[in-house]
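Working notes for the structure below.
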Amino acid sequence: MRKRATFSAIFVAVLLALTNGRMVQAQSQNDQSDARLDAATRSQVIEGVIKRFNDSYVFPEVARAIEQSVRERARKGEYDKITSASALAESLKEQLREVSKDAHVDVIFRNKPLPPMSETEREETPADRENLRSNFAFINNGFAKVERLKGNIGLLDIDLFVDPAYAGDTAAAVMGVLANTDALIVDLRYCSGGNGRMAALLETYLFAEPVHLSDFYQREANFTKQNWTLPYVPGQRYLGKDVYILTSKLTHSAAEAFAYELQSLKRATIIGEVSRGGAHTVARYRINEHFAVQVPVGRSVNAITKTNWEGKGVLPDIQTTAEKSLKVAHLTALQRLLERNPNRERASEIRELIESLGKEESKAN
């Protein structure tokens with residue numbers, strides 16, 4: 001499986017921010033240097049983590065299990081041996097993830113003092129927004145590639161789901177380019193998530209009428225919000241044509257939501273590997289000047305299945321390796337086009353292409 005260039009620290013921070021719909025500050029390498037930890041600070045961090053999970057974690061019973069596990073370890077004196085701030089953060093993160101089975105959980109140490117408010121409550125400034133706009137533009141607002149494959153099959157390769165406030169025009173332009181293709185492949189193999197509003201925007205192009213996608217439950221507020229496709233999108237909708245979504249073990253969060261929702265609505269065929277399995281939204285909270293905790297505070301509840309993909313990932317309809325999934329999707333799209341209309345114009349051309357791709361696949365195996 002080919003590797004994509006790793007995003008810089010700003011894009012990693014932006015990705016986390018997009019999951020929450022808020023700005024999270026990027027930290028430089030110097031901010032992440034270690035510090036010596038005293039007993040009082042160690043205790044403060046441990047108690048702060050326990051309290052925040054009890055107050056905010058999406059499953060209260062899991063929060064109680066986390067508290068029990070952490071207190072048992074503290075009772076045995078296991079934390080007493082940790083004198084490194086970064087080591088404490090890493091140790092707590094591993095333990096919290098082990099108990100919760102939740103990859104969104106994190107404990108963060110920064111040598112540079114964190115803002116006085118929780119990071120999720122920090123207000124965006126005009127400078128923040130301009131910085132985000134510039135950084136998103138540098139990665140083409142998350143759209144890595146738009147291509148027309150042989151046989152008039154569209155390919156849309158997405159690295160990051162960017163908030164439509166920044167990327168809406170790009171999304172509309174991309175869907176315009178793909179409008180006249182006969183089937184669409186959406187490549188999410190390298191997409192680790194982003195903003196759910198972009199997922200809903202792109203899904204809207206695939207339906208003629210508004211569709212209920214999911215509900216979002218937020219623990220602290222005890223509030224459920226419905227998530228629907230939009231009543232309007234600019235340009236031509238992509239209707240009556242097959243859609244295929246490529247997934248890998250790297251596909252995560254909002255990218256998984258996109259795949260899971262369209263699969264549940266029988267609007268897309270998923271091809272590739274089981275995805276990573278993160279269906280929770282997160283918030284970051286400051287514990288003290290140098291420690292913060294990332295807590296899953298809400299969960300998605302699919303409108304059809306009444307559950308989600310947390311911990312188990314999105315299961316492909318056609319399971320294959322990430323490396324082979326694009327060829328498999330291309331071949332499947334052409335075969336289904338031909339099955340539906342064997343006498344269509346250019347049918348002989350499609351048959352020849354299917355035969356050629358089939359031979360390539362056989363040689364690869």
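Throughout, numbering of the chain's residues begins at 1 and tracks the sequence. Values in this document were obtained by computation on a predicted structure and should not be read as measured data.
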Would you call [X] and [Y] a salt bridge, using N to O less than 4.0 angstrom?
X	Y	answer
Asp187	Lys145	no
Lys249	Glu273	no
Arg336	Glu339	no
Arg64	Glu67	no
Glu355	Lys359	yes

Going by side-chain contact (heavy atoms from CB on, under 4.5 Å), name the residues that satisfy it together with Asp38, two or more places apart in sequence or in a different chain.
Ala40, Thr41
Distance-only polar pair, side chains of Asn131 and Ser134, donor-acceptor under 3.5 Å:
no
Going by heavy atoms in the side chains, are [X] and [Y] under 4.5 Å from each other?
X	Y	value
Phe136	Asp163	no
Leu326	Leu155	yes
Phe161	Leu201	no

Taking side-chain hydrogen bond (donor to acceptor under 3.5 Å, both in side chains) as the definition, give me every residue that meets it alongside Asn308, ordered by chain and number, with sequence neighbours left out.
none
Stacked cation flag Lys241 on Tyr238, 6.0 angstrom / 45 deg
yes
Residues, nucleotides or ligands: over 12 heavy atoms within 6.0 Å of Asp169 CG:
no
Lys225 atom NZ: more than 12 heavy-atom contacts under 6.0 Å
no
In terms of ring plane angle, is the pair Phe59 and Tyr57 parallel, tilted or perpendicular, where the classes change at 30° and 60°?
perpendicular
